[in-house]
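So the structure is just underneath, and the comments pick up after that.
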Protein chains: 2
Amino acid sequence: MTGVPAQAFSKHDHGACCRSVMNTARRLCVARGVRLTPVREKVLELLLESHVALGAYTILARLADAGFRSQPPVAYRALDFLVAHGLVHRVEKLNAYVACNQPQAGHSPAFMICSHCHQVAETVGKTRSGVLGKTAQAIGFDIQHTVIEAEGVCATCQKRAVS
Amino acid sequence: MTGVPAQAFSKHDHGACCRSVMNTARRLCVARGVRLTPVREKVLELLLESHVALGAYTILARLADAGFRSQPPVAYRALDFLVAHGLVHRVEKLNAYVACNQPQAGHSPAFMICSHCHQVAETVGKTRSGVLGKTAQAIGFDIQHTVIEAEGVCATCQKRAVS
DNA sequence: AAAAATAATGAAATGATATAACATAACTAC
DNA sequence: GTAGTTATGTTATATCATTTCATTATTTTT
Ligand SMILES: [Zn+2]
Ligand SMILES: [Zn+2]
Ligand SMILES: [Zn+2]
Ligand SMILES: [Zn+2]
């Protein structure tokens, strides 16, 4: 939980992984004076179940199963809140969402998306020093947000494919 | 047209910019034995009109104005073709499309999106050597495609905002 | 504690983006 | 000119996301 890169594709105690993020999220919300209401917490919990990105309507369906209302805004509002507070990230390439695994830092995340097992690993993007940052600086472009995503096949799935 | 980074945000002869890309596109299609049919050429032409990304339905509307059919597949098929041949790129953050300005190279593009004037500048991403590439290599992740996009404000729009 | 302000949720409708499926037409190769 | 292939016509539907307005819950102010 402390700066492990691409945790999703590493062997790890996922139970601990979830609990840790969940606790951090709760602390963060208290610290910021915002409310981690039941829907919001449930959405985060759903996303923490695995490192697979979930679409808004998948989340919506699971919320419905759990007794929440089932109109689209229910999911989108919770997601908007979680994204705004850096607890969840949107994966543009997938139109889907993953729980952040380092919710404290005001980071610009980068993702590796396995197109076979659909797991998404989060790692930190070096916005300023990368090629993009350099070019931006050179032409006076002021970067506010970055989307850095790689699609490919994770090591585990590569091995599976061979056998 | 020759490796100028972030051309969209530089002063340039846009007429020449368009003609050059269009000619390259035509040559490329001939070389590859594929057909740049009227719809495909028209879509590319529409995208070349400016460095602003256009959504599929905007393109569809303009196609209709130009006398083409107006069902979604008309636009999506042409876009699929152009994207497959590297003549157009999809900007994930915007769900929209821009003409490529270096259509020859099998490059992985990076984009800078001005949230004020909506122009999109293309620059080259260094997939392998960047942080993403390094991390990928470290964990054995095989990258097939990258999405690298930065949203922010271009130099011109920053100046405008001040005055 | 009551009133006012703010934040969150309920509910219906619609907007925006993208694809599936199958029929027809146009090119290409032989 | 027939067969194979590629492209287009057309209808329908799938998928993703927001607008709008009413109601309820929570917090703040008095
Ligand atoms: Zn985990
Ligand atoms: Zn995998
Ligand atoms: Zn230009
Ligand atoms: Zn601008």
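To find a chain, count down the sequence lines: A is the first, B the second, and so on, and within it residues start at 1.
- Using a 4.0 Å cut-off on heavy atoms, the residues of residues 26-57 of chain B that approach DNA chain D are B:Arg35, B:Thr37, B:Val39, B:Arg40, listed by number.
- Between A:Arg90 and D:dA17, a side-chain N or O to OP1/OP2 separation shorter than 4.0 Å is present.
- Taking only side-chain nitrogens and oxygens, A:Arg77 never comes nearer than 4.0 Å to OP1 or OP2 of C:dT9.
- Residues A:Leu47 and A:Leu79 form a side-chain contact, since some pair of their non-hydrogen atoms from C-beta on lies under 4.5 Å apart.
- Closest to the side chain of B:Arg69, out of D:dA17, C:dT19, D:dT10, is D:dT10.
- In this structure, the CG atom of A:Leu63 is 14 Å from the C1' atom of C:dG10, given to the nearest Å.
- The separation between B:Asn95 atom CG and C:dT19 atom C1' is 14 Å, rounded to whole Å.
- Taking the six-membered ring where tryptophan is involved, the planes of A:Tyr76 and A:Tyr57 are perpendicular, since the angle between them exceeds 60° and thus also 30°.
- A:Arg40 places a side-chain N or O within 3.5 Å of a backbone atom of A:Arg35 that can act as its donor or acceptor partner.
- For the pair A:Leu79 CG and C:dT9 C1', the computed distance is 15 Å after rounding to whole Å.
- Atom pair B:Asp80:CG and C:dA20:P shows a separation of 10 Å (rounding to whole Å applied).
- When rounded to the nearest whole Å, the span between CZ of B:Phe68 and P of D:dG9 equals 9 Å.
- For the pair A:Ile59 CD1 and D:dA17 C1', the computed distance is 13 Å after rounding to whole Å.
- Whole-Å rounding puts the B:Tyr76 OH to D:dA12 C1' distance at 15 Å.
- Between A:Phe111 and the choices A:Leu94, A:Ile148, A:Val98, the side-chain contact (heavy atoms from CB on, under 4.5 Å) rule is met once, by A:Val98.
- In this structure, B:Ala96 and A:Phe81 both approach DNA chain C, and ranking their closest nucleotides by distance from the 5' end singles out A:Phe81.
- For the pair A:Gln71 CD and C:dA8 P, the computed distance is 18 Å after rounding to whole Å.
- In this structure, B:Cys100 and B:Gly86 approach most closely via the heavy-atom pair CB-O, 3.5 Å.
- Distances from the side chain of A:Pro73 to the nucleotides C:dT19, D:dT18, D:dC16 place D:dT18 closest.
- Here the CG atom belonging to B:Leu87 is positioned 6.0 Å from the CG atom belonging to B:Leu44, to the nearest 0.5 angstrom.
- If you check D:dG9, D:dA17, C:dA18 against the side chain of B:Pro72, the one that comes closest is C:dA18.
- When the options A:Gln119, A:His14, A:Gln7 are evaluated for a side-chain hydrogen bond (donor to acceptor under 3.5 Å, both in side chains) with A:His51, the one that passes is A:His14.
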